[in-house]
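Input: a single structure, listed below in structure tokens.
Worth saying up front: this structure is predicted, and the values here are computed from it rather than measured. This chain uses plain numbering: 1 for the first residue, then up along the sequence.
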Amino acid sequence: MKKLLIIISVFFLNKVLAQPTPALTDKYVLVIHGGAGTILKSQMTAEKERAYQAALNQALDAGQAILARGGSALDAVEASVRILEDNPLFNAGKGAVFTNEGKNEMDAAIMNGQTLAAGSVAGVTTIRNPISAARAVMEKSPHVMMTGKGAEIFAKQQGLTIVDPSYFRTEERWKSLQKAKAGDSLQKRKKDSILKKTTAFSEFYDSPLGLTGKYGTVGAVALDRHGNLAAATSTGGMTNKKYGRVGDAPIIGSGTYANNQTVAISCTGWGEYFIRLVMAKSISDMMEFGKMSLRDAAHEMIMKRLPALGGDGGLIAVDKDGNIALPFCTEGMYRGFVKSDGSKAVKIYKEYN
């Protein structure tokens, strides 16, 4: 019996090894984002605009270098997101916003479109690059999501860089928290005077961030020369978030998704609505089962269903054929793309036709 099992195992192993390796093509695509929201040129200094453009270009260059030499989409999106996590301009990693308690709590996710393997972390406070922790969960554990202290212990065991929580603090984000708290107090007094009562839940949604806040989530999606897709997203969440809130970024199918049969997507925006819409997977399903194009499916979800529900935000996507979409229903979205044909762009504001 044992010999028979060995023979069968060898037979199937030989069949797997005999499978032709997909031909390496010349086509690759990388798309990145640095968050969507109320981003107006009138409120941006020339110096800061140049800084954002330089950061986005740096992230594109890091991922493109990997794709151009035949590297994987997975490596490319992780590399691009790590660049953005290390830049305090963005709400991820070093520039993560503060919770109501004055902490920086970060979420991240990554997904391999070839195998549908995925990994994510949520509510971490000491991992320098949460996106790499998410990848470790995917590749070195049997799980998809880890949270808080457990995720941090696991990341340390995997040799990832652990830092003191003070590493993530920036003065600009701290000031944003104080402003949000002041707005909370104002809204509470206003509601108390009218209703004589309020709830913690309504306090959160009445915060001045609401539909006018800037969502600094970062992300990347890629199609590599082997025809594989990957997506990665990382965020510090929402300023003044309470009660251990987790948004859509680390939730596979909502803020992050990749499937070689359809599309790779990374979202940014008011996460509660993206979760309720199962945003990324819904677009993939529209393409797979509804035979919709990426452009039409993304437009339907971001420009129609999301605002109809009361949310806002945007996303980046690349499909299996290399088509891209970067829709958003806010005033701006930090975004960029690069393709193997030499085309490249970095943009910030809404463009009106």
Side-chain angles (χ1 to χ4, degrees), residues 29-44 49 52-53 55-56 59-60 77 80-81 84 89-92 97 209-222 231-239 247-249 254-257 263-284 286-287 292-319 323-338 344-353:
V29 180
L30 174 67
V31 192
I32 64 171
H33 73 78
T38 306
I39 307 168
L40 302 172
K41 192 172 183 64
S42 60
Q43 298 175 1
M44 182 83 71
E49 183 173 325
Y52 274 112
Q53 290 174 337
L56 292 169
L60 283 174
V77 296
S80 291
V81 169
L84 298 174
L89 286 173
F90 303 98
N91 175 19
V97 298
L209 284 174
L211 296 179
T212 62
K214 181 179 78 65
Y215 309 109
T217 303
V218 306
V221 295
T233 313
S234 183
T235 185
M238 297 176 75
T239 299
D248 65 304
S254 290
T256 308
Y257 190 72
V263 65
I265 295 174
S266 174
C267 301
T268 170
W270 198 336
E272 280 69 16
Y273 293 93
F274 282 73
I275 293 171
R276 290 160 64 185
L277 288 166
V278 199
M279 179 64 73
K281 184 61 162 58
S282 291
I283 291 172
S284 176
M286 287 177 173
M287 296 172 66
M292 293 177 69
S293 68
L294 168 59
R295 182 183 181 281
D296 289 346
H299 186 274
E300 172 69 23
M301 293 300 296
I302 290 294
M303 307 306 291
K304 295 181 180 179
R305 300 193 190 188
L306 177 61
L309 200 60
D312 67 347
L315 61 80
I316 56 172
V318 57
D319 70 16
N323 300 306
I324 66 173
L326 303 87
F328 56 96
C329 58
T330 53
E331 289 301 318
M333 182 171 76
Y334 299 108
R335 62 203 188 275
F337 69 84
V338 62
K344 182 179 182 181
V346 166
K347 299 180 181 181
I348 298 176
Y349 313 107
K350 180 176 289 186
E351 297 179 345
Y352 298 95
N353 295 326

Next on the checklist: With heavy-atom distances below 4.5 Å as the criterion, would you say the side chains of Y349 and L40 are in contact?
Outcome noted: no
Checklist entry - So do I316 and M333 actually touch side chain to side chain, heavy atoms under 4.5 Å? => result yes
Checklist entry - Shortest non-hydrogen contact from A222 to L30? => result CB-CD1, 4.0 Å
Checklist entry - Hey, what do you get for CG (L306) to CZ (R276), rounding to the nearest 0.5 Å? => result 10.0 Å
Next on the checklist: Using modelled atom types and a 3.5 Å cut-off, is there a donor and acceptor pairing between side-chain atoms of Y334 and backbone atoms of L56?
Outcome noted: no
Checklist entry - Could you go step by step and tell me if M238 and E272 meet the side chain to side chain contact (heavy atoms under 4.5 Å, CB included) rule? => result CA-CA 11 Å; M238 297 176 75; E272 280 69 16; 4.0 Å; yes
Checklist entry - R335 side chain to V346 main-chain N or O, any donor-acceptor pair under 3.5 Å? => result no
Item to check | Atom pair OG/NE2 of S293 and H299 - distance to nearest 0.5 Å | outcome: 11.0 Å
Item to check | Taking every non-hydrogen atom, the tightest pair across L84 and A55 | outcome: CD2-O, 4.1 Å
Item to check | I275 to S254 - nearest heavy-atom pair and separation | outcome: CA-OG, 3.5 Å
Checklist entry - Backbone N or O of G219 within a donor-acceptor pair of the T268 side chain at under 3.5 Å? => result no
Next on the checklist: I'd like to know whether NZ of K304 has more than 12 heavy-atom contacts from other residues, nucleotides or ligands below 6.0 angstrom.
Outcome noted: no
Item to check | Which atom of A317 lies closest to which atom of V263, heavy atoms considered | outcome: CB-CG2, 3.9 Å
Item to check | Under 3.5 Å donor-acceptor, N91 side chain and G236 backbone | outcome: yes
Item to check | Flag, side chain of S80 to backbone of A59, donor-acceptor distance under 3.5 Å | outcome: yes
Next on the checklist: Please check this pair: side chain of H33 against backbone of T217, looking for a donor-acceptor N/O pair closer than 3.5 Å.
Outcome noted: yes
Next on the checklist: Quick check for you: to the nearest 0.5 Å, what is the distance between L60 atom CG and F337 atom CZ?
Outcome noted: 9.5 Å
Checklist entry - Atom CE of M292 and atom CD of E300: how far apart are they, to the nearest 0.5 Å? => result 5.5 Å
Checklist outcome for this item: Tested for side chain to side chain contact (heavy atoms under 4.5 Å, CB included) against V218, the lone hit among V81, I32, L89, T233 is V81
Next on the checklist: Could you measure the distance from the CG atom of L315 to the OH atom of Y257? Nearest 0.5 Å is fine.
Outcome noted: 15.0 Å
Item to check | Heavy-atom closest contact (A298 atom, P327 atom, distance) | outcome: CB-CG, 3.9 Å
Checklist entry - Looking only at heavy atoms, what is the nearest atom pair of I265 and A231, with distance? => result O-CB, 3.4 Å
Checklist entry - What is the distance from atom CD1 of I283 to atom CD1 of I302, rounded to the nearest 0.5 Å? => result 6.0 Å
Item to check | Y273 vs M279 side-chain heavy atoms within contact, under 4.5 Å | outcome: no
Item to check | Any N323 side-chain heavy atom under 4.5 Å of R295 side chain | outcome: no
